[in-house]
A.B. asks: 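Dropping a structure here in structure tokens format, bear with me for questions.
Atoms considered below: every heavy atom in the structure, side chains included; atoms not considered: hydrogens, waters and symmetry mates. By convention in this document, chain letters (A, B, ...) are assigned in the order of the sequence lines, proteins followed by strands, and residues within each chain are numbered from 1.
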Protein chains: 2
Amino acid sequence: MDISIERLCIENGLKMTGPRRVIARVLSEATDHPDVDELHRRATRVDSRISLATVYRTVRLLESKGILSRRDLGSRRARYEASGDKHHFHLVDKESGTIVEFDAPQAEAMLREIAKAQGFEVDTIKIELFGRRTAK
Amino acid sequence: MDISIERLCIENGLKMTGPRRVIARVLSEATDHPDVDELHRRATRVDSRISLATVYRTVRLLESKGILSRRDLGSRRARYEASGDKHHFHLVDKESGTIVEFDAPQAEAMLREIAKAQGFEVDTIKIELFGRRTAK
DNA sequence: ATACATGCAAATCCTTTGCTCACTA
DNA sequence: TAGTGAGCAAAGGATTTGCATGTAT
């Protein structure tokens, strides 16, 4: 439904080709953190001719434009999410692999302070917690 | 000077072979976050017969024993540091690639609280800040 | 029309593994 | 000596790239 990634592409002056539009939409619709293979799977459901190489090239391009963020989250494959998403941090259940997102504005502010004291201007903060569910 | 990694290996019942001892010492002496290639380079300075495969096997083994921690820090290659090191978080200068370590006990405590509220018991926290030097 | 994107297959990079021989406990 | 560990080379998985062709602007 949401076509914000596609819009961001246009705002960044990117040529909107068929494959790119499909990939942008797949990304906009994702509520999880798909890896490139999974993005390719979803994209080829819409247009089976889209190649894996194109998906790789597209996520790299969008990352360079700041539209997407790459996450590592333990596994060997890179995962992607829209940079504009609200919840930036991740809680990874080591047993099931489930990823819960959360915010921590206060912790974030503290970290920025620490960085500033070291003479750094921070543009990206990555926070990942790994553990296991106890309750619930 | 410090041989603590070697000691931890022994405490974990690991057989101390020549190559393993060299690698353990290289790790103990490292104050940075070497990748496997760099560890291999340092180890072969001591004993040129040590193979890259052995370095890979050793870091994996030590990670499984909890002696080492793997870090991703943006680049494609995994980096390692002793788990016992004081400073757990990283500030990465995107321009130079320099990594500064820091602590943030309060932020850490906050994050643990958030996780607990979600029913998680956290065992690892990764915090990485990416940015660039402004002053200094 | 021009510059850029795509598909395909081959190449690359990092890491793991199979096998045989060597060594530690 | 029994059981691992090591070295080498080959395999593997993820990602990138060269090249000829297609396409958006």
A.B. asks: Specify the residues of residues 12-19 of chain A, ordered by number, for which at least one heavy atom lies under 4.0 angstrom from an atom of DNA chain D.
C.D. replies: Lys15(A), Met16(A), Thr17(A)

A.B. asks: Grab the CD1-C1' distance between Ile10(B) and dT24(C) for me, whole Å please.
C.D. replies: 12 Å

A.B. asks: Please identify the 5'-most and 3'-most nucleotides of DNA chain D with any atom under 4.0 angstrom from a heavy atom of chain B.
C.D. replies: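 In short, chain B contacts DNA chain D from dG3(D) to dT15(D).
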
A.B. asks: Tracing side-chain links under 4.5 Å among I, L, V, M, F, W and Y, which residues wind up in one group with Met110(B)?
C.D. replies: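 Noted: Met110(B) shares its cluster with Met110(A).
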
A.B. asks: In whole angstrom, what separates Tyr56(A)'s OH from dG7(C)'s C1'?
C.D. replies: 16 Å

A.B. asks: Would you list the pairs meeting ring pair (Phe, Tyr, Trp, His ring centres under 6.0 Å) in which at least one residue belongs to residues 7-28 of chain A, sequence neighbours left out?
C.D. replies: none

A.B. asks: Applying ring-ring contact (aromatic ring centres under 6.0 Å, His included), name anything that partners Tyr56(B), two or more places apart in sequence or on another chain.
C.D. replies: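 Expected list: none.
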
A.B. asks: Under 4.5 Å side-chain heavy-atom separation, chaining through any Ile, Leu, Val, Met, Phe, Trp or Tyr, what else clusters with Ile99(A)? Say none if it is isolated.
C.D. replies: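 Traced through the cluster, Ile99(A) reaches Leu73(A), Val92(A), Phe130(A).
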
A.B. asks: Kindly list each side-chain donor-acceptor pair under 3.5 angstrom involving residues 62-70 of chain A, sequence neighbours excluded, with atom names and distances?
C.D. replies:
from     : atom 1 : to       : atom 2 : distance (Å)
Glu63(A) : OE1    : Arg70(A) : NH2    : 3.0
Ser64(A) : OG     : Leu61(A) : O      : 2.7
Ser69(A) : OG     : Ser83(A) : OG     : 3.1

A.B. asks: Just the rounded figure in Å: distance from P of dT12(C) to CG of Asp37(B).
C.D. replies: 17 Å

A.B. asks: Partners of Arg45(A) by salt bridge (Lys or Arg N to Asp or Glu O under 4.0 Å), sequence neighbours excluded?
C.D. replies: none

A.B. asks: Report yes or no: does Asp35(B) contribute a side-chain atom to a donor-acceptor pair with the main-chain N or O of Asp37(B) at less than 3.5 Å?
C.D. replies: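 Looks like yes, one N/O pair under 3.5 Å.
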
A.B. asks: Show which residues join Ile10(B) in its hydrophobic cluster (side-chain heavy-atom contacts under 4.5 Å, direct or indirect), or state none.
C.D. replies: Met16(B)

A.B. asks: Would you say the side chains of His90(B) and Glu128(B) form a donor-acceptor pair under 3.5 Å?
C.D. replies: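 His90(B) vs Glu128(B): no donor-acceptor pair found between side chains.
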
A.B. asks: Can you tell me how far P of dT6(C) sits from NE2 of His40(A), to the nearest Å?
C.D. replies: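 Spelled out: NE2 on His40(A) to P on dT6(C) is 12 Å.
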
A.B. asks: Please compare Arg21(B) and Leu52(B) by the position of their nearest nucleotide in DNA chain C and report the one closer to 5'.
C.D. replies: Leu52(B)

A.B. asks: List in chain and number order the residues that pass ring-ring contact (aromatic ring centres under 6.0 Å, His included) with His40(A), two or more places apart in sequence or in another chain; answer none if no residue qualifies.
C.D. replies: none

A.B. asks: Considering only heavy atoms, which members of residues 57-69 of chain A lie under 4.0 Å from some atom of DNA chain C?
C.D. replies: Arg57(A)

A.B. asks: What pairs with Asp47(A) under salt bridge (Lys or Arg N to Asp or Glu O under 4.0 Å), at least two apart in sequence or on another chain?
C.D. replies: Arg49(A)

A.B. asks: Which comes earlier along DNA chain D counting from the 5' end, the contact point of Arg76(B) or that of Arg49(B), where each point is its nearest nucleotide?
C.D. replies: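 The 5'-side residue here is Arg49(B).
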
